[in-house]
Amino acid sequence: MNWKTITKAGLAVTLSTTLLLGCSSSKDRLIMVTSADYKPYEFHDTSSGEDKIVGFDIELAQLIAKELNIKIEVKDMDFNGLIPALQSKRADLIMSGMTPTPERQKSVDFSDIYYESKNTIIFKKNNSLTTSDSLAGKKVGVQLGSIQEKEAKKMKGVQVVSINKVPEIIQELKAGRIDAAIIENTISEGYTTNNPELAFTELKNSEPTGSAIAFPKGSPYVKDFNRVIKKLKDSGKMDELVKKWFQNS
Ligand code: ARG
């Protein structure tokens, strides 16, 4: 071994320790699954001619990855398949505007909440279905596997129509095949702005529907991600991201 190889070896050791310092776990590429049907959290942007998954969650994930010196690769799937993907080790984390419910906490670990939202009823302006009571006897669209589906199932007399992708829920609503839908305010805002025939109201007495990152049970990453989430909140970077994605979306 000449001195050059020795220096190279030394350098390699130093580099890998620096990488590891960023994050207490050893994997340097994590697979993140999401349901990219949820503008502005995650959606397909084809405006550049290329199909890219972008949004608040995606940019937040990249910021966290940068802080932790890791790479995050994003994969798209149905919302209903996200937790199973984590459980079968096909993914390392979920970022998908997912609410950390006690029921889900039985099968995954969640980070701290990084953004809050609320449930709304979205409907056609001409049949103002503005309260949960008004939904009795009506067909109400919800995303399959979502907390909105659970909420709708608790409402007396509601015919729940579970649909895989959120844009399809809106299509069904516009086509009159469902009467209303339950969707988070952060999503309803965009759809009502772009579809003047639609309106939404906040669903009364429904719990806040914050978003958190899901990991497999016992994952060493929860602590690292929480540390960075806190840092981004404290530094004002999180507010910047929120402004960018949630204002005039
Ligand atoms: N917050 C709701 C839930 O956790 C809906 C999330 C839907 N997310 C999505 N990317 N489609 O059930």
Side-chain angles (χ1 to χ4, degrees), residues 31-45 51-62 72-87 90-91 93-122 132 140-155 158 160-173 178 180-191 200 202-203 205-215 229 241-242 245-246 249:
I31 298 190
M32 163 178 149
V33 283
T34 191
S35 170
D37 62 344
Y38 218 49
K39 194 179 180 184
Y41 292 85
E42 45 264 332
F43 57 101
H44 288 266
D45 177 12
D51 182 3
K52 280 199 230 141
I53 298 177
V54 300
F56 174 69
D57 280 347
I58 313 297
E59 194 171 341
L60 180 56
Q62 300 308 347
I72 290 185
E73 190 187 318
V74 177
K75 287 195 177 157
D76 188 14
M77 56 173 68
D78 285 346
F79 188 75
N80 199 34
L82 294 173
I83 290 184
L86 211 58
Q87 289 178 307
R90 282 174 291 137
L93 65 136
I94 303 171
M95 261 180 103
S96 200
M98 184 177 270
T99 307
T101 63
E103 194 190 346
R104 288 174 180 157
Q105 261 151 3
K106 287 182 199 151
S107 34
V108 301
D109 281 351
F110 281 103
S111 72
D112 296 335
I113 288 182
Y114 58 84
Y115 194 56
E116 295 274 5
S117 49
K118 289 173 193 144
N119 278 333
T120 68
I121 306 174
I122 180 165
S132 48
V140 177
V142 287
Q143 181 162 41
L144 184 69
S146 68
I147 55 167
Q148 289 73 28
E149 183 184 42
K150 282 217 117 172
E151 187 87 26
K153 283 185 171 163
K154 281 194 293 196
M155 294 176 181
V158 165
V160 180
V161 182
S162 302
I163 298 174
N164 248 328
K165 300 278 183 196
V166 172
E168 285 165 31
I169 303 179
I170 302 298
Q171 269 173 25
E172 293 298 287
L173 180 60
I178 56 177
I182 300 177
I183 301 206
E184 275 159 296
N185 60 341
T186 39
I187 307 301
S188 303
E189 262 155 34
Y191 281 113
F200 73 93
E202 219 173 87
L203 193 62
N205 309 321
S206 117
E207 313 237 310
T209 61
S211 301
I213 311 172
F215 297 90
I229 289 173
L241 266 197
V242 165
W245 291 103
F246 291 99
S249 66

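Order of appearance sets the numbers: ligands from 1, and atoms from 1 within every ligand.
Nearest heavy-atom pair, F79 versus G145, reported as atom, atom and distance to 0.1 Å: CE2-O, 3.5 Å. Scanning all heavy atoms of the two residues, the minimum distance from M32 to D57 falls at CE-O, 4.4 Å.
By the side chain to side chain contact (heavy atoms under 4.5 Å, CB included) test, E151 is found to be paired with N119, K154, M155, L203, S206, residues two or more places apart in sequence or in another chain being considered. Every residue two or more places apart in sequence or in another chain that forms a ring pair (Phe, Tyr, Trp, His ring centres under 6.0 Å) with Y115 is listed here: F56, F246. Every residue was checked against the salt bridge (Lys or Arg N to Asp or Glu O under 4.0 Å) condition with K75, not counting sequence neighbours, and none meets it.
Under 4.0 Å from any atom of ligand 1, one finds heavy atoms of residues S35, D37, Y38, E42, F79, S96, G97, M98, T99, R104, Q143, S146, I147, Q148, E184.
Taking a cutoff of 4.0 Å between a charged side-chain nitrogen and a carboxylate oxygen, K118 and E207 do not qualify as a salt bridge.
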